Amino acid sequence: MIDVELLRNRPEKVEENLARRRNPEYLRLFAEARAKDAEWRAALLEADHFRRRRNELSREIAAARREAKSPTALEEEARGLPEGLRAAEQREHELHASRDAVLRRIPNLLDDAVPYGKDDSENVVVATWGEPIRGAGERKAHGDVLEALGLAEFDRARRASGAGFYYLEGDVVLLDLALQRFALDFLRGRGFTPVEPPFLLRREPYEGVTDLADFENVMYKIEGEDLYLIATSEHPLAALYLGEILEEERLPIRLAGLSYSFRREIGGHGVDQKGIFRVHQFFKIEQFIFARPEDSPRLHEELRANAEELFRRLKVPYRVVNVCTGDVGTVAAKKYDIEAWFPRQQAYREVVSCSNCTDYQSRRLGIRMGKAGRPGKVVPHTLNSTAIATSRAIAVILEQYQRPDGSVEVPEVLRPYMDGREAIAVASKGPS
RNA sequence: GCUGAGGUAGCCUAGCCCGGUAAGGCGCCAGCCUUGAAAGCUGGUGGCGAUCUCGCCGCGGGAGUUCGAAUCUCCCCCUCAGCGCCA
């Protein structure tokens, strides 16, 4: 949610910024929010006048009683007040709620460094690393590798849970755990505190961290409960300090979230291929930071550098794109995607999303900054980035590290987490 | 799930039975004092709005009674303790 002060004092700035998102709807919403805000303030003033008179009268009645005088005339005026007050209060409430509803649909203000563009085709490549393997040759798609080695079951998963689910078995489970521990140890070394968050969140905090369209399209709801399966640990991590005041001296707070991510992805691309590249459930190690506003640009680069380093250590070629205005999403002010090279597909595909959300989530969550336990008006910034989503990391490893004999080499940095093994091979359903 | 106790400003607590401007402490800020600091003393310390020496709001949320509700009534939410169930 954008700052109401900006809406009142620098509307032309906000309009200019919103226009860069290339969606005229946002400008319309902003104009509506401004109009509603003005109306609300007028209504508030009116209700205040009623309340002021009520307070005056009730003080006078009390005083008259104390002096044993009859306050009949005062009481008569007082009796007539609630009617007008009720109407004014109701109008004030409605306008306030309606202003905020509109305000909440307005996206975050974009950083100046976000390139102007209409969709993901206009994202700007800002870095590349590694030598992409040119030519797919005999290479198999990662889903086929998994099936050939008996490391996953997609048909049975479909029968049990539907498309987009999977059973992982044998060595690939160890690979998954190895990736988790590899990423986690790396982040611990860089000052991140590991956090296992709740995998279900109530609606109220959820509305603080994401936008409403996402909410309807990607979230799984628990029937009969006010609970939603998290789409990423970013969400419960952001909600960790819901309604609290963070002491400035404690910032930045670096968190490493470990969780499954659950996504329906209705209306998106859906489940598009056999395998685990796009699925309804996957494990992710997430970087998350609560920061002072002045530090957030630097920390955004830090998150990106961490994510890059992880893929360099895995020796997976990648490129970094600066996501353009038309593709950046509602909540982020600036976003980098890291796209790994998938040799079978001969394409770069997203494995990391790294966002600076500035004050957008914090304001919606009622998180403020303060000095020494004293509340302040400043709203801290939040930043998040994938460290490793194991599903995608496994997919790219299986495509890149597969060998002509059908086995798959284990990336060197993961071997300590896999009993020193150099390769994974066919799984059988016996004890491993 | 049952029973009980609770939810008051950044934190802790009083007020609630018996309706009339939310008291006190801690922390923090400023001033005085001091070579400096601590202690001590004094003042300040939430949100919203405005015509900016003013007003309104604020006691978990909502509704009601009343001229007037932290206080009375009803509904709901949450937390804690004990019991039950349980990996």
Side-chain angles (χ1 to χ4, degrees), chain A residues 1-9 11 33-104 196 198-208 221-222 224-228 236 239-251 253 259-260 290 292 359 362-380:
Chain A
M1 189 158 64
I2 62 167
D3 191 348
V4 191
E5 296 290 321
L6 274 175
L7 171 141
R8 287 177 198 153
N9 303 329
R34 280 184 76 191
K36 289 247 164 81
D37 183 57
E39 281 184 72
W40 168 69
R41 285 189 285 169
L44 179 64
L45 206 58
E46 198 194 343
D48 276 358
H49 283 139
F50 275 106
R51 283 191 284 248
R52 176 183 193 166
R53 187 62 193 145
R54 180 189 64 187
N55 292 344
E56 284 168 359
L57 284 169
S58 99
R59 274 192 290 267
E60 285 166 24
I61 288 168
R65 291 238 171 104
R66 262 198 307 278
E67 292 163 30
K69 287 188 217 150
S70 170
T72 328
L74 293 169
E75 278 178 350
E76 199 168 319
E77 186 190 348
R79 250 189 294 278
L81 264 179
E83 196 182 343
L85 174 62
R86 235 190 298 276
E89 270 183 336
Q90 196 189 335
R91 198 173 127 71
E92 186 255 304
H93 277 134
E94 279 168 9
L95 279 164
H96 191 262
S98 133
R99 181 201 74 179
D100 277 1
V102 176
L103 214 49
R104 282 177 161 272
E196 267 188 28
F199 290 7
L200 297 112
L201 273 191
R202 294 188 299 106
R203 179 159 190 140
E204 187 212 314
Y206 231 112
E207 286 184 345
K221 181 175 182 5
I222 304 299
E225 305 260 356
D226 176 29
L227 285 173
Y228 298 80
L240 175 61
Y241 298 118
L242 178 66
E244 291 193 47
I245 290 150
L246 301 182
E247 289 192 20
E248 199 177 324
E249 298 77 16
R250 285 183 59 206
L251 300 176
I253 298 171
S259 83
Y260 284 97
F290 289 98
R292 294 182 199 145
D359 59 3
S362 294
R363 181 168 292 110
R364 290 163 80 117
L365 290 166
I367 301 171
R368 285 175 292 164
M369 253 166 58
K371 266 187 185 159
R374 212 167 123 245
K377 291 189 87 169
V378 180
V379 175

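To find a chain, count down the sequence lines: A is the first, B the second, and so on, and within it residues start at 1. Everything quoted here is computed from the prediction, not taken from an experiment.
If you take atom C1' in B:rC83 and the same atom in B:rU66, they sit 42 Å apart, rounded to whole Å. As rounded to the nearest Å, B:rC28 and B:rA9 have C1' atoms that lie 14 Å from one another. Going from the P atom of B:rG60 to that of B:rG7 covers 7 Å, rounded to whole Å. A gap of 15 Å separates the C1' atoms of B:rU8 and B:rC57, to the nearest Å. Across B:rG4 and B:rA63, the matching P atoms stand 28 Å from one another, rounded to whole Å. Taking atom P in both B:rU71 and B:rG15, the straight-line distance is 15 Å, to the nearest Å. Only the C1' atoms considered, B:rG49 is 14 Å distant from B:rG58, to the nearest whole Å. Atom P of B:rG62 sits at a distance of 23 Å from the matching atom of B:rA50, rounded to the whole Å.
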Under a cut-off of 3.5 Å for both distances of each Watson-Crick or G-U pair, what dot-bracket string does RNA chain B give, using [ ] for crossing pairs and | for inter-strand pairs? ((((((((.[[[..)....(...]]]((((((.......))))))((((....))))..[[[[[..)....]]]]])))))))....
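Between A:Gln90 and the choices A:Glu94, A:His93, A:Arg86, the side chain to side chain donor-acceptor pair (under 3.5 Å) rule is met once, by A:Glu94.
Put simply, NE2 on A:His49 is 15 Å from P on B:rG49, counting in whole angstrom units. Spacing between atom CZ of A:Arg250 and atom C1' of B:rG27 amounts to 16 Å, rounded to whole angstrom units. We find that CD1 of A:Ile61 is positioned 15 Å from P of B:rG20, with the value rounded to whole Å. Rounded to whole angstrom, the span from the CG atom of A:Leu45 across to the C1' atom of B:rC57 amounts to 14 Å. Rounded to an integer number of Å, the gap from CZ of A:Phe50 to P of B:rG68 is 14 Å. Distance A:Leu242 CG to B:rC78 P: 14 Å, rounded to the nearest Å. Whole-Å rounding puts the A:Ile245 CD1 to B:rG27 C1' distance at 13 Å. Rounded to a whole Å, the CZ atom of A:Arg59 is 10 Å from the C1' atom of B:rG55.
Side-chain proximity of A:Asn55 to the nucleotides B:rC67, B:rC57, B:rU51 is greatest for B:rC57. Listed nucleotides B:rG10, B:rC54, B:rG68 differ in distance to A:Ser58; the shortest reach to its side chain belongs to B:rG68. Residue A:Arg52 has its side chain nearest to B:rC56 when only B:rC56, B:rG10, B:rU51 are considered. With B:rC67, B:rG49, B:rG55 as the candidates, the nucleotide lying closest to the side chain of A:Trp40 is B:rG49. Among B:rG47, B:rG20, B:rG49, the nucleotide with an atom closest to any side-chain atom of A:Arg41 is B:rG49.
In terms of modelled atom types and a separation under 3.5 Å, the side chain of A:Arg91 and the main chain of A:Ala43 share no donor-acceptor contact.
Proximity of A:Val379 to A:Ile367: side-chain heavy atoms (C-beta onward) are nowhere separated by under 4.5 Å. No side-chain heavy atom of A:Leu246 sits less than 4.5 Å from a side-chain heavy atom of A:Arg368. Counting only heavy atoms from C-beta outward, the side chains of A:Glu46 and A:Glu92 never approach each other to under 4.5 Å. Residues A:Glu39 and A:Arg99 have side chains not in contact (no heavy-atom distance under 4.5 Å, counting atoms from C-beta outward). The shortest distance between side-chain heavy atoms of A:Leu240 and A:Ile253 does not fall below 4.5 Å.
With values rounded to the nearest 0.5 angstrom, A:Ile61 atom CD1 is found 11.5 Å from A:Arg59 atom CZ. Distance check, rounded to the nearest 0.5 Å: CG of A:Asp226 to CD of A:Glu204 gives 9.0 Å. Note that the CZ atom of A:Arg8 and the CZ atom of A:Arg41 stand 4.5 Å from one another [nearest 0.5 Å]. Note that the CG atom of A:Leu103 and the CZ atom of A:Arg34 stand 12.5 Å from one another [nearest 0.5 Å].
With a glycosidic angle more than 90° from 0, B:rC57 adopts the anti conformation. Its glycosidic angle being within 90° of 0, B:rU53 falls on the syn side.
Put simply, A:Arg51 has no side-chain N or O that comes within less than 4.0 Å of OP1 or OP2 on B:rU21. For the OP1/OP2 pair of B:rG49 and a distance below 4.0 Å, the side-chain nitrogens and oxygens of A:Arg8 include at least one atom meeting the criterion.
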Does the side chain to side chain contact (heavy atoms under 4.5 Å, CB included) test come out yes or no for A:Asp48 and A:Arg51, once each step is laid out? CA-CA 5 Å; A:Asp48 276 358; A:Arg51 283 191 284 248; 3.0 Å; yes
Please step through side chain to side chain contact (heavy atoms under 4.5 Å, CB included) for the pair A:Arg104 and A:Arg364, ending with a clear verdict. CA-CA 8 Å; A:Arg104 282 177 161 272; A:Arg364 290 163 80 117; 3.5 Å; yes
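Ring pair A:Phe199/A:Tyr260 is perpendicular by interplanar angle, where above 60° counts as perpendicular and below 30° as parallel.
Summary of the strand contacts: A:Arg86 and A:Asp48 both lie near RNA chain B, and taking for each the nucleotide with the nearest heavy atom, the more 5' one is attributed to A:Asp48. The residue among A:Val4 and A:Arg202 whose nearest nucleotide of RNA chain B is located toward the 5' end is A:Val4.
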Short N/O separations, protein against nucleotides 71-73 of chain B, under 3.5 angstrom:
none

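A heavy atom lying under 4.0 Å from RNA chain B marks none of the residues of residues 92-99 of chain A.
The residue A:Leu57 sits apart from the nucleic acid: no heavy atom pair falls under 4.0 Å.
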